[in-house]
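Chain letters run A, B, ... following the sequence lines, proteins first, then strands; residues in each count from 1.
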Protein chains: 2
Amino acid sequence: MEVKTKQHGIKVVADVLDIIGGKWRGPILSYICDKPRRFNELKSILGRITSATLTKELRYLEELRMIERVEIRTETSSTYEYRMSQHGKSIKTLIQHVVEWGLQHRKVVLEEGV
Amino acid sequence: MEVKTKQHGIKVVADVLDIIGGKWRGPILSYICDKPRRFNELKSILGRITSATLTKELRYLEELRMIERVEIRTETSSTYEYRMSQHGKSIKTLIQHVVEWGLQHRKVVLEEGV
DNA sequence: TTATCAGGTATCTTTTTTCATACCTAAACA
DNA sequence: TGTTTAGGTATGAAAAAAGATACCTGATAA
């Protein structure tokens, strides 16, 4: 089992990082994990992302079935929100591990690094 | 504490993904985590990476103090190996979480996705 | 003494990402 | 009726990442 993990480990790491890596996907997932978000809400929290890029990243995460785009209707209006899919929710703990490692170790990298 | 984590969470996620993200850094770290590796060993395990790219990525991880480049001397010869720094070792569990999530969930993404 | 191997560097090209800017549609608002 | 807001799309330029190729240095091997 240990051996099997190692044989396939690298491909697995690369595949997972393709989902949460990149400049925006990790941050996007970490916001949506927290609670469902609307397009402009994400856009303003993320800061410097453009609409085109945000759209592209959201469509990609949808394609991977990590998130879902749902129409929210009230009597008077309707809008869309992005939320984790049932399957996507499983990544929340992984993201928490990322945040934890970051909080404990990032400083070392930032201060000693460069 | 929960609030504090959330306020800084995104920046933290982005910073950590800058270390383990990208096309090669995750795989490289996951190999070196396992045991120290030599340049050409890494190059051949990683497959399609070029020397220039591998050098660049290794220098960057060194700069972040995640790995160390050490000269290995025997009586007859000397070579170099890359190994995790004391600080870098802490990322091993995080990488294990990445692999675990991947093994459990990647298939869903690959099969249902696209 | 020539050839080979480890561990790279230097340049240039190609590909991929991201950004900037302008624009679009439907709904609600004033 | 005209404007603003939400949620985008389209296009092209710029920047970043990765690749291809050639070359270099200091061993050691034949």
Side-chain angles (χ1 to χ4, degrees), chain A residues 10-11 13-15 17-29 31-32 35-64 66-83 114, chain B residues 10-11 13-32 35-64 66-83 114:
Chain A
I10 273 49
K11 186 72 172 59
V13 169
D15 286 349
L17 288 172
D18 179 61
I19 300 172
I20 63 171
K23 184 167 181 181
W24 299 111
R25 294 208 274 278
I28 288 170
L29 284 171
Y31 276 122
I32 300 179
K35 65 179 188 193
R37 306 281 185 175
R38 281 172 301 125
F39 187 88
N40 283 329
E41 188 182 2
L42 283 170
K43 201 181 166 204
S44 69
I45 309 177
L46 291 166
R48 306 197 165 282
I49 196 171
T50 61
S51 294
T53 300
L54 181 53
T55 300
K56 203 171 116 291
E57 297 299 284
L58 289 170
R59 295 287 174 277
Y60 181 68
L61 291 170
E62 244 188 299
E63 198 177 281
L64 294 179
M66 294 296 295
I67 64 174
E68 285 161 1
R69 177 174 181 270
V70 252
E71 193 173 358
I72 303 297
R73 294 171 172 287
T74 66
E75 298 112 45
T76 60
S77 69
S78 94
T79 182
Y80 295 94
E81 68 178 28
Y82 294 90
R83 62 178 187 207
V114 172
Chain B
I10 273 51
K11 187 70 174 59
V13 169
D15 287 349
V16 175
L17 289 171
D18 180 62
I19 300 172
I20 63 172
K23 184 167 182 180
W24 300 111
R25 294 206 274 276
I28 289 170
L29 285 172
S30 106
Y31 276 123
I32 300 179
K35 66 179 186 194
R37 307 282 185 173
R38 281 172 301 123
F39 186 89
N40 282 331
E41 189 183 1
L42 283 170
K43 200 181 169 204
S44 70
I45 311 176
L46 290 167
R48 307 197 165 280
I49 196 170
T50 62
S51 294
T53 301
L54 182 53
T55 299
K56 202 171 117 290
E57 297 299 285
L58 289 171
R59 296 286 174 279
Y60 181 68
L61 291 170
E62 244 189 299
E63 197 179 282
L64 293 179
M66 294 298 295
I67 64 174
E68 285 161 1
R69 178 175 181 269
V70 250
E71 193 172 359
I72 302 299
R73 295 170 171 287
T74 67
E75 296 110 46
T76 60
S77 70
S78 93
T79 181
Y80 295 93
E81 67 177 30
Y82 293 90
R83 63 178 186 207
V114 175

Rounded to the nearest 0.5 Å, how far apart are OG1 of B/T53 and CH2 of B/W24?
8.0 Å

Got B/T79 and B/T74 here, is their nearest side-chain heavy-atom distance under 4.5 Å?
no

Set of residues satisfying salt bridge (charged side-chain N to carboxylate O under 4.0 Å, His left out) with respect to A/E81, sequence neighbours excluded
none

At under 4.0 Å between heavy atoms, what does B/Y82 touch on the DNA or RNA strands: base, sugar-phosphate, or nothing?
sugar-phosphate

Interatomic distance, A/L58 CG vs D/dG8 C1' [rounded to whole Å]
11 Å

Dump every N/O contact between nucleotides 9-18 of chain D and the protein below 3.5 Å, one line per pair.
from, atom 1, to, atom 2, distance (Å)
D/dA18, OP1, B/K23, N, 3.3

Option among B/E57, B/E62, B/E63 that satisfies the salt bridge (Lys or Arg N to Asp or Glu O under 4.0 Å) test with B/R59:
B/E62

Atom CD of A/E41 and atom P of D/dG8: how far apart are they, to the nearest Å?
13 Å

Pairs where residues 39-52 of chain A contributes a residue and the test salt bridge (charged side-chain N to carboxylate O under 4.0 Å, His left out) is met, not counting sequence neighbours:
A/R37-A/E41

Return the CG to OH distance between B/L58 and B/Y82, rounded to the nearest 0.5 Å.
5.0 Å

First and last nucleotide of DNA chain C touching chain A, 5' to 3', heavy-atom cut-off 4.0 Å?
C/dT18 to C/dA28

With sequence neighbours excluded, tell me which residues meet salt bridge (charged side-chain N to carboxylate O under 4.0 Å, His left out) with B/R73.
B/E71

Please list, chain by chain and in numerical order, all residues satisfying salt bridge (charged side-chain N to carboxylate O under 4.0 Å, His left out) with A/R83, sequence neighbours excluded.
A/E68

